Amino acid sequence: MADCKKEHGGCGKCCFVDSVIHVDVKDDYGKTLKKTSDLKSNACLAPSQAIPAFVLKALKKIHPEVRAKYYGCGLVVPECLEGCRLLDQGSGSGQDCYMLSQLVGEKGHVTGIDMNEDQLEVARKYVDHHTQEFGYEKPNVDFVQGNIEALKEAGLKENSFDIIISNCVVNLSTDKRKVLSDAYRVLKDGGELYFSDVYSSSRLSDDIKNHKVLCGECLGGALWWEDLVRLAQEVGFSPPRLVTANVITVNNMELEAILGDYKFVSATYRLFKIPKISNKGSLVIYNGNITGFEESLEFDSQYTFKVDEVVEVDGEVASILSHSRFAEEFTFQPPGVPAGCSVKKPKVGTVNPFELVLQLGSATVSSATGGCCGAESSCCK
């Protein structure tokens, strides 16, 4: 639970409020919402952007009932997944888990955690179906009931996952710091939290935070993006890397009036659990061995790596690439331009999703999603 003095000004009621919000969320996503058309905004719908062929192929193998209960705000597919152990926070009906189970392969494993019994019932119902559909000898997916801010209580061990994803669920938690700190705890060294969620242009008022419909629409619990940057680094993560940003529209006059001047975006960030960031930059060359990204890898909104192109990266990105599952996907050289070699300079980066949308001059900043390594190597050892 959140610290009362910090979150509620010492009101002494935060535990009750938190419990009510958890019950409301379970009702919204298990009973009230029967299909995506029941939603009153596009906050919890996937943005319209190109989906790679290999991801589409994986999605087509998922049972229709599982897909019908999908409420995510983005397609969360990090790159280089072959052989990885992956945790899906707020796995819902299991769509992302079953899609990703194909990308990690039979030697990898995907665990989904969700607090909603109705959603978990749908997900667990089709474990055997998908094992057979994917041609696996045994399941590489399991589902755990629990809250994303209480991973230890759900039985998830420390340093046990290579990657954590979540899709429009962190906003539903009343204790974002605990969500991030628990994620950090269960990640292996070099691991990554890759997640899409809803962010606000400033801190929300208590009236909006406690509004049942806005919470169910993923807006009432939206974190101010600046608070994400602060909290992530306070619990130990590297500075957040912004991948994509999409404007959220509210198609309801009553809710628009309540929200006033607040603006919202759905954005995807990647946070890494790595040693202290180096001050030294590096020259890196992408080798092109990640399936689906044989020609280039769009790492985030600042860096796109083309095969055999020498790119100058700052100390932060150099540390991330060299201490994560991406280490074998790049050749690293010390700073300094080699004779007869041109070096690509990075564009100016931002962690502000609202700024990113404005920079691109579009309501949608799209990015290719990730995939798994080629047959030559495994991303996760």
Side-chain angles (χ1 to χ4, degrees), residues 72-92 94-101 103-104 108-115 120 123 140-173 175-199 223 228-229 231-244 266-274 299-300 320 323-326 369-372 379-381:
C73 65
L75 186 63
V76 182
V77 191
E79 317 85 357
C80 201
L81 300 180
E82 182 76 12
C84 289
R85 292 189 59 83
L86 189 148
L87 173 66
D88 182 6
Q89 293 183 318
S91 53
Q95 173 180 283
D96 288 353
C97 288
Y98 287 123
M99 179 263 292
L100 291 163
S101 74
L103 303 185
V104 301
H109 191 274
V110 179
T111 295
I113 182 170
D114 202 281
M115 66 179 177
L120 286 170
N140 71 339
V141 176
D142 71 308
F143 297 95
V144 177
Q145 184 172 10
N147 295 328
I148 62 174
E149 63 266 40
L151 300 182
K152 182 177 181 180
E153 290 80 354
L156 302 182
K157 297 181 180 179
E158 186 175 358
N159 302 318
S160 56
F161 294 98
D162 300 292
I163 307 166
I164 298 175
I165 67 162
S166 74
N167 193 348
C168 205
V169 294
V170 174
N171 67 85
L172 300 175
S173 171
D175 193 345
K176 273 77 168 177
R177 179 190 293 273
K178 189 63 164 58
V179 172
L180 294 174
S181 63
D182 265 29
Y184 188 88
R185 183 186 66 85
V186 301
L187 277 173
K188 299 176 184 178
D189 290 340
E192 177 186 13
L193 170 58
Y194 185 99
F195 67 117
S196 179
D197 221 288
V198 179
Y199 298 92
L223 190 64
L228 169 70
V229 175
L231 290 172
Q233 294 178 82
E234 285 179 359
V235 304
F237 281 110
S238 61
R241 306 294 307 181
L242 177 60
V243 181
T244 65
S266 64
T268 300
Y269 285 95
R270 56 197 328 164
L271 314 179
F272 288 86
K273 181 179 179 178
I274 59 173
F299 186 73
D300 57 24
I320 289 172
H323 291 92
S324 68
R325 68 187 186 281
F326 293 101
T369 55
C372 57
C379 293
C380 299
K381 305 299 183 182

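Below, each value reflects all heavy atoms present in this structure, side chains not excepted, and no hydrogens, waters or symmetry copies. What you see is a predicted model, and the numbers here were worked out from it, not measured in a lab.
In this structure, Y269 contributes its side chain and L228 its backbone to no donor-acceptor pair below 3.5 Å. Within the 3.5 Å criterion, the main-chain N or O of N171 finds a donor-acceptor partner in the side chain of D197. Of the possible donor and acceptor atoms, none in the side chain of K273 sits under 3.5 Å from a partner among the backbone N and O of F237.
Contact check on E192 versus R325 returns a salt bridge, with a Lys/Arg side-chain nitrogen under 4.0 Å from an Asp/Glu carboxylate oxygen. For the pair D162 and K188, the salt-bridge criterion is met [side-chain N within less than 4.0 Å of a carboxylate O].
Atom OG of S173 and atom NZ of K178 lie 9.5 Å apart (nearest 0.5 Å). Between the CD1 atom in I165 and the CG atom in D88 there is a gap of 4.0 Å [rounded to 0.5 Å]. Distance check: L231 CG to K176 NZ gives 10.0 Å after rounding to the nearest 0.5 Å. Taking CG of L100 as the start and NE2 of H109 as the end, the distance is 13.0 Å to the nearest 0.5 Å. Atom SG in C97 sits 8.0 Å away from atom CG in L86 (nearest 0.5 Å). Atom CG of D96 and atom CD of Q89 lie 12.5 Å apart (nearest 0.5 Å).
Under the 6.0 Å cut-off for aromatic ring centres, Y194 and F272 do not qualify, their centroids lying 6.0 Å or more apart.
The side-chain tip of R270 points at the ring of F299 from less than 6.0 angstrom away and within 45° of straight on.
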